*Asks:* 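Quick one: structure below, then a few questions.
Sequence lines set the chain letters: A, B, ... in the order given, protein chains first and strands last, and positions in each chain run from 1. Because only heavy atoms are used, hydrogens play no part in the values below, and waters and symmetry mates are left out as well, while side chains stay in. Not measured: the values here are computed from a predicted model.
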Amino acid sequence: MPSANSVIVLDFETTGLSPNMGDRAIEIGAVKLVDGEVVDTFQQLMNPGFRVSSFIESYTGITNNMLTHAPCCEEVMAEFAEFIQGENLVAHNASFDKRFLDDELERINANYSGEFACSLLVSRRLNQQAPSHKLGDLVRHMNIDNDGVFHRALADAQMTAKLWMLMVSDLEQRGIDLPSFALMQKIGKTSKAAVEKLLASQ
DNA sequence: TGCCAGGCCCTCTTTAGGGCCTT
């Protein structure tokens, strides 16, 4: 049973957009939040077993040379499966990260018990004035503290965690005492038009 | 040869199409 007051915010860097097209994870980054505080982190490069494209090298800054010396996906994901055990999960555009998490864990016959919530879907509802909901654009728009590193797994997970906590604070300011993971998850799945009604009913 | 993701959301919608997001 996932813990009520903790959540793990994660981000994958991958060789492309779809595990169904043969793409694999090349880096996982994650932060564990308990009561809004970072209590643990996880970051690891992993070797997908083939060369990544020059686009991915340029996009992420992760080079084939760096991956040559990294442990394989199976080894890293086995460790990561332990890290997320019993925790609920958050990612920016969670459907993307969930596909890779499910695919990589299926390869090693591992699984997880938590559920996903999506910071992108929540942001589209709570930050309707934002010109864009790309993670980098939201970080700039909301003046979220960052070290200027984008498209690396731990850096993106850290920024997503800060965005998540800001949105939790936003809900608290709207009068909701200790917004739960379940409420955040529900906001992401509720139509924009119904969100105000949902919040008013809390 | 040429093409290849998938889920969400909006609208000139629902017998569909296209933009936004993720790498």
*Asks:* Nearest to the side chain of A:M21, which nucleotide is it out of B:dC4, B:dT22, B:dT23?
*Replies:* B:dC4
*Asks:* Which nucleotide, B:dC8, B:dG6, B:dT23, lies nearest any side-chain atom of A:N93?
*Replies:* B:dG6
*Asks:* Could you go step by step and tell me if A:R24 and A:E74 meet the salt bridge (Lys or Arg N to Asp or Glu O under 4.0 Å) rule?
*Replies:* CA-CA 11 Å; A:R24 299 292 302 270; A:E74 290 77 5; 3.4 Å; yes
*Asks:* What is the distance from CZ of A:R124 to P of B:dG7, rounded to the nearest Å?
*Replies:* 14 Å
*Asks:* Show the atom names and distances, to 0.1 Å, of all donor-acceptor pairs under 3.5 Å that link a side chain in residues 96-103 of chain A to residues at least two apart or in another chain.
*Replies:*
{"residue": "A:D97", "atom": "OD1", "partner": "A:F12", "partner atom": "N", "Å": "2.9"}
{"residue": "A:K98", "atom": "NZ", "partner": "A:D102", "partner atom": "OD2", "Å": "2.8"}
{"residue": "A:R99", "atom": "NH1", "partner": "A:S95", "partner atom": "O", "Å": "3.4"}
{"residue": "A:D102", "atom": "OD1", "partner": "A:Y112", "partner atom": "OH", "Å": "2.6"}
{"residue": "A:D103", "atom": "OD2", "partner": "A:R107", "partner atom": "NE", "Å": "3.1"}

*Asks:* Without decimals, in angstroms, what is the distance between A:R99 CZ and B:dT23 C1'?
*Replies:* 10 Å
*Asks:* Between A:K134 and A:L121, name the one whose nearest nucleotide on DNA chain B is closer to the 5' end.
*Replies:* A:L121
*Asks:* Tell me which nucleotide among B:dA5, B:dC8, B:dG7 gets nearest to the side chain of A:N20.
*Replies:* B:dA5
*Asks:* Taking the C1' atom of each, how far is B:dT15 from B:dC21, in whole Å?
*Replies:* 28 Å
*Asks:* What contact category does A:D11 fall into here, base, sugar-phosphate, or nothing, at under 4.0 angstrom with non-hydrogen atoms?
*Replies:* sugar-phosphate
*Asks:* Measuring only the C1' atom in each nucleotide, how far is B:dA5 from B:dT23? A whole number of Å is fine.
*Replies:* 11 Å
*Asks:* Go through B:dG6, B:dC21, B:dT23 for me and flag the one nearest to the A:S95 side chain.
*Replies:* B:dG6
*Asks:* Considering only side-chain heavy atoms of A:S18, which listed nucleotide, B:dA5, B:dC21, B:dT22, is closest?
*Replies:* B:dA5
*Asks:* Please assess A:S18 against A:D23 for the test side chain to side chain donor-acceptor pair (under 3.5 Å), listing each intermediate value before the final yes or no.
*Replies:* CA-CA 6 Å; A:S18 173; A:D23 289 316; 5.4 Å; no
*Asks:* How is A:F12 classified with respect to the nucleic acid when contacts are heavy atoms under 4.0 Å: base, sugar-phosphate, or nothing?
*Replies:* sugar-phosphate
*Asks:* Taking only the P atom of each, what is the distance from B:dG7 to B:dT13 in whole angstrom?
*Replies:* 24 Å
*Asks:* Just checking A:D156: base, sugar-phosphate only, or nothing, at a heavy-atom cut-off of under 4.0 Å?
*Replies:* sugar-phosphate
*Asks:* Mind calculating the distance between CZ (A:F96) and C1' (B:dA5) to the nearest angstrom?
*Replies:* 10 Å
*Asks:* Rounding to a whole Å, what distance do you find between A:D97:CG and B:dC8:P?
*Replies:* 15 Å
*Asks:* Of all heavy-atom pairs between A:S119 and A:T160, which one has the smallest distance, and what is that distance?
*Replies:* OG-CG2, 3.5 Å
*Asks:* Does A:G188 or A:H151 map to a spot on DNA chain B nearer the 5' end, using the closest nucleotide for each?
*Replies:* A:G188
*Asks:* Starting from C1' on B:dG7, measure out to CG on A:L17 and report it in whole angstrom.
*Replies:* 13 Å
*Asks:* Base, sugar-phosphate or nothing for A:I26? Non-hydrogen atoms, less than 4.0 Å.
*Replies:* nothing
*Asks:* What contact category does A:T60 fall into here, base, sugar-phosphate, or nothing, at under 4.0 angstrom with non-hydrogen atoms?
*Replies:* sugar-phosphate
*Asks:* For A:H133 and B:dT22, give me the distance from atom NE2 to atom C1', rounded to whole Å.
*Replies:* 15 Å
*Asks:* For nucleotides B:dC8 and B:dG2, find the distance between their C1' atoms and express it as a whole number of Å.
*Replies:* 28 Å
*Asks:* Answer with base, sugar-phosphate or nothing: what part of the nucleic acid does A:S132 contact at a heavy-atom distance below 4.0 Å?
*Replies:* sugar-phosphate
*Asks:* Can you tell me, in whole Å, how much space there is between the C1' of B:dC10 and that of B:dC4?
*Replies:* 26 Å
*Asks:* Rounding to an integer number of Å, can you tell me how far A:F100 CZ sits from B:dG7 P?
*Replies:* 13 Å
*Asks:* Give me the distance, rounded to whole Å, that separates B:dG6 from B:dC12 when you measure between the P atoms they each carry.
*Replies:* 29 Å
*Asks:* Would A:M159 end up clustered with A:V31 when hydrophobic side chains under 4.5 Å apart are linked, directly or stepwise?
*Replies:* yes
*Asks:* Would you mind reporting whether A:F42 and A:I8 have side-chain heavy atoms less than 4.5 Å apart?
*Replies:* no
*Asks:* Which atom pairs, one a donor and one an acceptor, fall under 3.5 Å between side chains of residues 142-149 of chain A and the rest of the protein, sequence neighbours left out?
*Replies:*
{"residue": "A:N146", "atom": "OD1", "partner": "A:G148", "partner atom": "N", "Å": "2.8"}
{"residue": "A:N146", "atom": "ND2", "partner": "A:I144", "partner atom": "O", "Å": "3.1"}
{"residue": "A:D147", "atom": "OD1", "partner": "A:V149", "partner atom": "N", "Å": "3.1"}

*Asks:* Rounded to whole Å, how long is the line connecting atom CG of A:D137 with atom C1' of B:dC20?
*Replies:* 12 Å
